[in-house]
Participant: 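For reference, the structure I am asking about is given below.
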2 protein chains.
Amino acid sequence: MSFALNDLDEVSQTLKLLGDKTRLTMMKLLEKQECCVCELVEIFKTSQPSVSQHLRKLKDAGLVKENRKGQWIFYSVNPNCTQNELIQKLIAFVPSQDHELEELDKKGLRISCD
Amino acid sequence: MSFALNDLDEVSQTLKLLGDKTRLTMMKLLEKQECCVCELVEIFKTSQPSVSQHLRKLKDAGLVKENRKGQWIFYSVNPNCTQNELIQKLIAFVPSQDHELEELDKKGLRISCD
DNA sequence: TCATTATATAACTATTCACTTATATGTTCA
DNA sequence: TGAACATATAAGTGAATAGTTATATAATGA
């Protein structure tokens, strides 16, 4: 769930959320395409609960949406987020994470449900 | 002093710094014009050490610069900051703080050294 | 020089935060 | 139905953070 905030609170809350390297990188990745939790665990070299907890914060703030496909849950940037304009501008300053996805492909760890 | 960081670290550090409502508002104010510590204490209705500590963080990151005038030290946004482009874009999303400065004027608490 | 004013710093405290481990929930498939 | 896999949640822990109080430093002016 997300809460109604005034502009100042909303902006500072968004910056606080994205002032974490993991979440900021996640947004850059998930802007380009959806990823499931286990892919993010591999990319960030961290535990599954850690990834889930970051995703929950992003989801509670309305920044990402989830899309279950069978046993996997794919996350992606929510284009209807009220903060979308700000977020687009922020993410533009984050270095591309394409290499991370290529790495996943190479290792054969990319999950596909198509 | 400010430290050399890669792009990702630099961006996330900046967002973390400005993910605080007080510091974010300070940047909005100090972008328009310089303010001294005692003015900011009045505006933010908080203690002098609290204001000084926020300013120090902003200064350590290179986001603001100081300018002593007699017993007062005036702070303003540092236009030579390496993160300047990002910061300009962020600040544009913060509501105007002009009313705060007008309030100061009304109360006769504006410090002027001209 | 001394009192006053402005600011910085230090030490402490309460809260927040990210991460870990353990466990629960949900889905698939044999 | 039950084992295996994917994800979420709960509880605990240590580090970071913002604020407080107390004190130090610095500038002014009588």
Side-chain angles (χ1 to χ4, degrees), chain A residues 1 3 8-9 12-27 30 34-61 63-76 104 108-113, chain B residues 1 3 8-9 12-27 30 34-61 63-76 104 108-113:
Chain A
M1 63 233 82
F3 299 92
L8 179 57
D9 283 323
S12 65
Q13 273 278 106
T14 299
L15 299 187
K16 179 176 287 184
L17 260 178
L18 301 188
D20 175 275
K21 216 194 310 189
T22 302
R23 285 190 296 265
L24 184 61
T25 308
M26 278 181 174
M27 289 296 285
L30 300 180
E34 56 183 20
C35 288
C36 68
V37 177
C38 60
E39 288 173 326
L40 297 171
V41 168
E42 178 63 27
I43 289 172
F44 290 101
K45 311 259 183 282
T46 185
S47 67
Q48 174 267 312
S50 174
V51 168
S52 280
Q53 285 157 11
H54 282 300
L55 287 169
R56 189 149 125 77
K57 290 191 178 193
L58 294 174
K59 199 186 66 173
D60 283 353
L63 271 56
V64 301
K65 57 190 176 70
E66 58 181 37
N67 175 21
R68 183 180 274 276
K69 294 184 182 172
Q71 59 189 153
W72 296 283
I73 300 178
F74 286 80
Y75 287 86
S76 56
L104 264 196
L109 295 174
R110 193 68 158 280
I111 309 291
S112 171
C113 297
Chain B
M1 64 231 84
F3 299 90
L8 179 57
D9 283 324
S12 65
Q13 274 277 105
T14 300
L15 299 186
K16 179 177 286 182
L17 261 178
L18 300 189
D20 175 276
K21 218 198 304 190
T22 302
R23 287 191 294 266
L24 184 62
T25 309
M26 278 180 175
M27 290 296 284
L30 300 180
E34 55 182 21
C35 288
C36 68
V37 178
C38 60
E39 289 173 326
L40 297 171
V41 167
E42 178 64 27
I43 289 171
F44 289 101
K45 309 256 182 286
T46 184
S47 67
Q48 174 268 313
S50 173
V51 168
S52 280
Q53 285 158 10
H54 282 301
L55 287 168
R56 189 150 127 74
K57 290 190 178 193
L58 293 174
K59 198 187 66 174
D60 283 354
L63 271 55
V64 301
K65 59 189 175 70
E66 58 182 33
N67 174 23
R68 182 180 276 277
K69 294 182 183 175
Q71 59 188 153
W72 295 283
I73 300 178
F74 286 80
Y75 287 86
S76 57
L104 263 196
L109 294 174
R110 194 68 159 281
I111 308 290
S112 172
C113 296

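Please read all numbers here as calculations on a predicted model, not as lab measurements.
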Participant: Quick test: give all pairs of protein nitrogen or oxygen and nucleotides 24-30 of chain D nitrogen or oxygen below 3.5 Å, distance rounded to 0.1 Å.
Facilitator:
none

Participant: Is B/S52 close enough to C/dT7 that one of its side-chain N or O atoms is under 4.0 Å from OP1 or OP2 there?
Facilitator: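 False: B/S52 side-chain N/O out of range (4.0 Å or more) of C/dT7 OP1/OP2.
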Participant: Could you tell me which residues satisfy side-chain contact (heavy atoms from CB on, under 4.5 Å) with A/Q71, sequence neighbours excluded, listed by chain and number?
Facilitator: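 Not a single residue meets the side-chain contact (heavy atoms from CB on, under 4.5 Å) criterion with A/Q71.
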Participant: Using whole Å, report how far CG of A/L109 lies from P of D/dA6.
Facilitator: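 My rounded result for the distance is 11 Å.
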Participant: Can you name the atoms? Protein N/O to nucleotides 12-18 of chain C N/O, anything below 3.5 Å, with the distance.
Facilitator:
{"unit_1": "C/dA18", "atom_1": "OP1", "unit_2": "A/R23", "atom_2": "NH1", "d": "3.2"}
{"unit_1": "C/dA18", "atom_1": "OP1", "unit_2": "A/R23", "atom_2": "NH2", "d": "2.6"}
{"unit_1": "C/dA18", "atom_1": "OP2", "unit_2": "A/K57", "atom_2": "NZ", "d": "2.3"}

Participant: Would you please name every residue forming a side chain to side chain donor-acceptor pair (under 3.5 Å) with B/T25, sequence neighbours left out?
Facilitator: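 For B/T25, no residue satisfies side chain to side chain donor-acceptor pair (under 3.5 Å) once neighbours in sequence are set aside.
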Participant: Report the distance from atom CZ of A/R56 to atom C1' of C/dC19, rounded to the nearest whole Å.
Facilitator: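 Distance check: A/R56 CZ to C/dC19 C1' gives 16 Å.
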Participant: Just so I know, are the side chains of A/K57 and A/L63 near enough to count as touching, which here means a heavy-atom distance under 4.5 Å?
Facilitator: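 Side chain of A/K57 against side chain of A/L63, heavy atoms only: no contact under 4.5 Å found.
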Participant: Scan residues 36-45 of chain B against DNA chain C and write down, sorted by residue number, each residue with any heavy atom closer than 4.0 Å; if none is found, say none.
Facilitator: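 Nucleic-acid contacts, sorted: B/C36, B/V37, B/C38.
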Participant: What is the minimum heavy-atom distance between B/S12 and A/D20, and which atoms define it?
Facilitator: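 For B/S12 versus A/D20, the nearest heavy atoms are CB-C, 4.4 Å.
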Participant: Any chance you could measure A/L17, atom CG, to A/M26, atom CE, to the nearest 0.5 Å?
Facilitator: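 Reported value, rounded in 0.5 Å steps: 12.0 Å.
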Participant: Do the side chain of A/Q48 and the base of D/dA8 come within less than 3.5 angstrom through a donor-acceptor pair of N or O atoms?
Facilitator: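 For A/Q48, whose side chain was compared with the base of D/dA8, there is a donor-acceptor pair (under 3.5 Å).
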Participant: What's the CG-C1' distance between A/D60 and D/dT9, to the nearest Å?
Facilitator: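 To the nearest whole Å, that distance equals 12 Å.
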Participant: Report the distance from atom NZ of B/K65 to atom CG of B/L30, rounding to the nearest 0.5 Å.
Facilitator: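 Nearest 0.5 Å value for the NZ-CG distance: 10.5 Å.
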Participant: What's the CD-P distance between B/E66 and C/dT7, to the nearest Å?
Facilitator: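 It is 11 Å, rounded to the nearest whole Å.
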Participant: Nearest whole angstrom, please: distance from the C1' of D/dA18 to the CG of B/L58.
Facilitator: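 Spelled out: CG on B/L58 to C1' on D/dA18 is 13 Å.
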Participant: Heavy atoms from C-beta onward define the side chain here; which of D/dT20, C/dA6, C/dT20 lies closest to that of B/P49?
Facilitator: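 When the side chain of B/P49 is considered, D/dT20 is the closest of D/dT20, C/dA6, C/dT20.
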Participant: If you compare every side-chain N and O of B/T46 against the phosphate oxygens of D/dT20 (OP1, OP2), does one of them come in below 4.0 Å?
Facilitator: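 Answer is yes, contact under 4.0 Å.
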Participant: Quick one: list whatever passes side-chain contact (heavy atoms from CB on, under 4.5 Å) with A/I73, sequence neighbours left out.
Facilitator: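 Here the qualifying residues are A/E66, A/R68, A/Y75.
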Participant: Would you please name every residue forming a side-chain contact (heavy atoms from CB on, under 4.5 Å) with A/K16, sequence neighbours left out?
Facilitator: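 Testing A/K16 for side-chain contact (heavy atoms from CB on, under 4.5 Å), a comparison that skips the adjacent residues, returns none.
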Participant: If only side-chain N and O atoms of A/Y75 are considered, is one of them under 4.0 Å from the OP1 or OP2 phosphate oxygen of D/dA6?
Facilitator: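 For D/dA6, OP1/OP2 do not have a side-chain N/O of A/Y75 under 4.0 Å.
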Participant: Considering residues at least two apart in sequence or located in another chain, which fulfil the side chain to side chain donor-acceptor pair (under 3.5 Å) criterion with A/S52?
Facilitator: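 Scan of A/S52 (side chain to side chain donor-acceptor pair (under 3.5 Å), adjacent residues dropped) gives A/Q48.
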Participant: With a cut-off of 3.5 Å and sequence neighbours excluded, list every side-chain donor-acceptor pair involving residues 34-45 of chain A.
Facilitator:
{"unit_1": "A/E34", "atom_1": "OE1", "unit_2": "A/N67", "atom_2": "ND2", "d": "3.4"}
{"unit_1": "A/E34", "atom_1": "OE2", "unit_2": "A/K69", "atom_2": "NZ", "d": "2.6"}
{"unit_1": "A/E39", "atom_1": "OE1", "unit_2": "A/C36", "atom_2": "N", "d": "2.9"}
{"unit_1": "A/E39", "atom_1": "OE2", "unit_2": "A/I111", "atom_2": "N", "d": "2.8"}
{"unit_1": "A/E42", "atom_1": "OE2", "unit_2": "A/K107", "atom_2": "NZ", "d": "2.9"}
{"unit_1": "A/K45", "atom_1": "NZ", "unit_2": "A/E42", "atom_2": "O", "d": "3.1"}

Participant: If you round to the nearest 0.5 Å, how far is CZ of B/R23 from CG of A/L15?
Facilitator: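 Rounded to the nearest 0.5 Å, the CG-CZ separation comes to 11.0 Å.
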